[in-house]
> 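My structure is below; once you've seen it, I'll send some questions.
No hydrogens, no waters, no symmetry mates; every other heavy atom, side chains included, goes into these values.
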Amino acid sequence: TVAASLFLDWHFVHRTGFEFGVGAKMLDARFVQSAVFTDTEFSVGPLYLTVAKPTPKTWWGKPVVVSHALRLNVPVTATGDENITVSASPSLSASLSLTRSLDLHSRLSALLWSTLPKSGADSRTAIQSSIDLGYSPVSFLSLLAGGELQSGWYGLGLDHLQARAGLRVSAGSTGAIELSAAQVLAGEEGAALVVWLGYKTSELPKSKKKSKKLKDFFGIRP
């Protein structure tokens, strides 16, 4: 089985400090081949909405940004799903600056999913946690390594234990290219390789006063 997806996201930070976002899975392609059959499927969606509230704090004398977030998938916005499906993911994350070039990122989230087919409602829940270490040896390059643990989607057992690593390279004054790869080491979910390739661009408000607030919220450094 080979699967590929294309995502598009847009986020903005309100002057109150809340971050709002909207995104969509623009294309999902899946190819399956076995000794018996071969099949290819294409779908679009769903559309999803996000909101987050990052708050700067100090832990053990080190600056940290703690964020509460919520993601909601909009029902009936996926062509590959004939049923009404409702899903949400509340999360709590923290990014701790250990040194000027070394950061520790942690995240805890819940996966809540329910679909309403004619045969009756089907619901699932899971808990997901991750921890990553980020290192920026130079201003234009960041390296990341860590892991993720999830349980509950298939019952009380382990869904997956995943190891991952990646890098981010600056592309111009406001953009960055991201490349990462992950492997499932244990659990019900098996994947030979998961690869992410992305491009992000950001723009700070022209007002110097608002720019300073953004730096305070996200710990942006030169």
Side-chain angles (χ1 to χ4, degrees), residues 3-29 44-56 63-74 89 91-98 100-107 109 128 130-148 162-182 193-208 210-222:
S5 300
L6 175 65
F7 294 89
L8 180 64
D9 291 271
W10 180 73
H11 297 259
F12 73 94
V13 180
H14 191 259
R15 60 185 178 183
T16 58
F18 282 91
E19 177 184 328
F20 300 96
V22 59
K25 183 183 290 188
M26 305 299 293
L27 178 65
D28 185 73
V44 176
L47 180 72
Y48 48 87
L49 306 174
T50 60
V51 59
K53 181 60 171 70
T55 304
V64 62
V65 177
V66 178
S67 298
H68 297 81
L70 177 64
R71 169 173 164 162
L72 297 172
N73 284 3
V74 181
S89 179
S91 64
L92 174 65
S93 62
S95 294
L96 176 66
S97 294
L98 300 175
R100 184 172 178 83
S101 58
L102 191 65
D103 298 288
L104 182 66
H105 308 282
S106 60
R107 186 171 184 266
S109 60
Q128 187 182 84
S130 65
I131 186 167
D132 298 277
L133 193 63
Y135 176 59
S136 301
V138 289
S139 60
F140 61 86
L141 175 66
S142 298
L143 306 174
L144 189 79
E148 181 179 278
Q162 181 190 88
R164 60 194 182 193
L167 59 86
R168 175 185 291 176
V169 181
S170 297
S173 59
T174 61
I177 298 174
E178 298 177 337
L179 176 63
S180 61
L193 183 66
V194 180
V195 178
W196 165 269
L197 176 63
Y199 173 76
K200 290 185 177 181
T201 182
S202 60
E203 181 179 353
L204 293 175
K206 295 181 180 180
S207 169
K208 293 183 179 180
K210 290 185 178 180
S211 296
K212 185 176 185 300
K213 286 186 178 180
L214 284 173
K215 291 181 179 180
D216 291 341
F217 273 115
F218 297 101
I220 297 175
R221 299 186 296 270

> Could you check whether any side-chain heavy atom of Arg71 comes within less than 4.5 Å of a side-chain heavy atom of Leu49, counting everything from C-beta outward?
no

> For His14 and Phe20, take the angle between the two ring planes, folded into 0 to 90°, and tell me which bin it lands in: parallel under 30, tilted 30 to 60, perpendicular over 60.
perpendicular

> To the nearest 0.5 Å, tell me how far Thr50 OG1 sits from Trp10 CH2.
10.5 Å

> Can you confirm whether His68 is buried at NE2, in the sense that more than 12 heavy atoms of other residues, nucleotides or ligands lie under 6.0 Å from that atom?
no

> State, yes or no, whether a side-chain contact exists between Glu203 and Thr174 at a heavy-atom distance under 4.5 Å.
no

> Please give me the minimum heavy-atom distance between Arg164 and Gly147, naming the atom from each residue.
NH2-O, 4.1 Å

> Between Leu102 and Leu133, does the side-chain contact (heavy atoms from CB on, under 4.5 Å) criterion hold? Intermediate values first, please.
CA-CA 7 Å; Leu102 191 65; Leu133 193 63; 3.9 Å; yes

> Give a yes or no on whether a salt bridge exists between Lys53 and Glu19, defined as a side-chain N under 4.0 angstrom from a carboxylate O.
no

> With side-chain contact (heavy atoms from CB on, under 4.5 Å) as the criterion, how do Phe18 and Val51 come out once you've worked through the C-alpha distance, each side chain's angles and the decisive distance to 0.1 Å?
CA-CA 7 Å; Phe18 282 91; Val51 59; 4.2 Å; yes

> Would you indicate whether the side-chain heavy atoms of Glu148 and Arg107 approach each other to under 4.5 Å?
no

> Can you find a heavy atom in the side chain of Leu144 that is under 4.5 Å from one in the side chain of Leu167?
no

> Would you check, one step at a time, whether the test side chain to side chain donor-acceptor pair (under 3.5 Å) holds for Ser101 with Ser136?
CA-CA 5 Å; Ser101 58; Ser136 301; over 6 Å; no

> What is the minimum heavy-atom distance between Pro54 and Gly17, and which atoms define it?
CD-O, 3.4 Å

> Could you tell me if Asp103 and Tyr135 have a donor-acceptor pair between their side chains, going purely by distance under 3.5 Å?
no

> Closest approach of Pro46 and Val74, non-hydrogen atoms and distance?
CB-O, 4.3 Å

> Please name the pair of heavy atoms, one in Gly146 and one in Asp132, separated by the smallest distance, quoted to 0.1 Å.
CA-OD1, 3.3 Å

> Taking all heavy atoms of Ala171 and all of Tyr199, pick out the closest pair and write down the distance.
CB-CE1, 4.2 Å

> Between Leu92 and Val66, is any pair of side-chain heavy atoms under 4.5 Å apart?
yes

> Under a 4.5 Å cut-off applied to non-hydrogen side-chain atoms, are Leu8 and Leu6 in contact?
no

> Drop me the distance from Ser5's OG to Asp28's CG, to the nearest 0.5 angstrom.
3.5 Å

> How many angstroms lie between CE in Met26 and CG in Asp9, if you round to the nearest 0.5 Å?
10.5 Å

> How close do His105 and Gly134 get, heavy atom to heavy atom, and via which atoms?
CD2-N, 4.3 Å

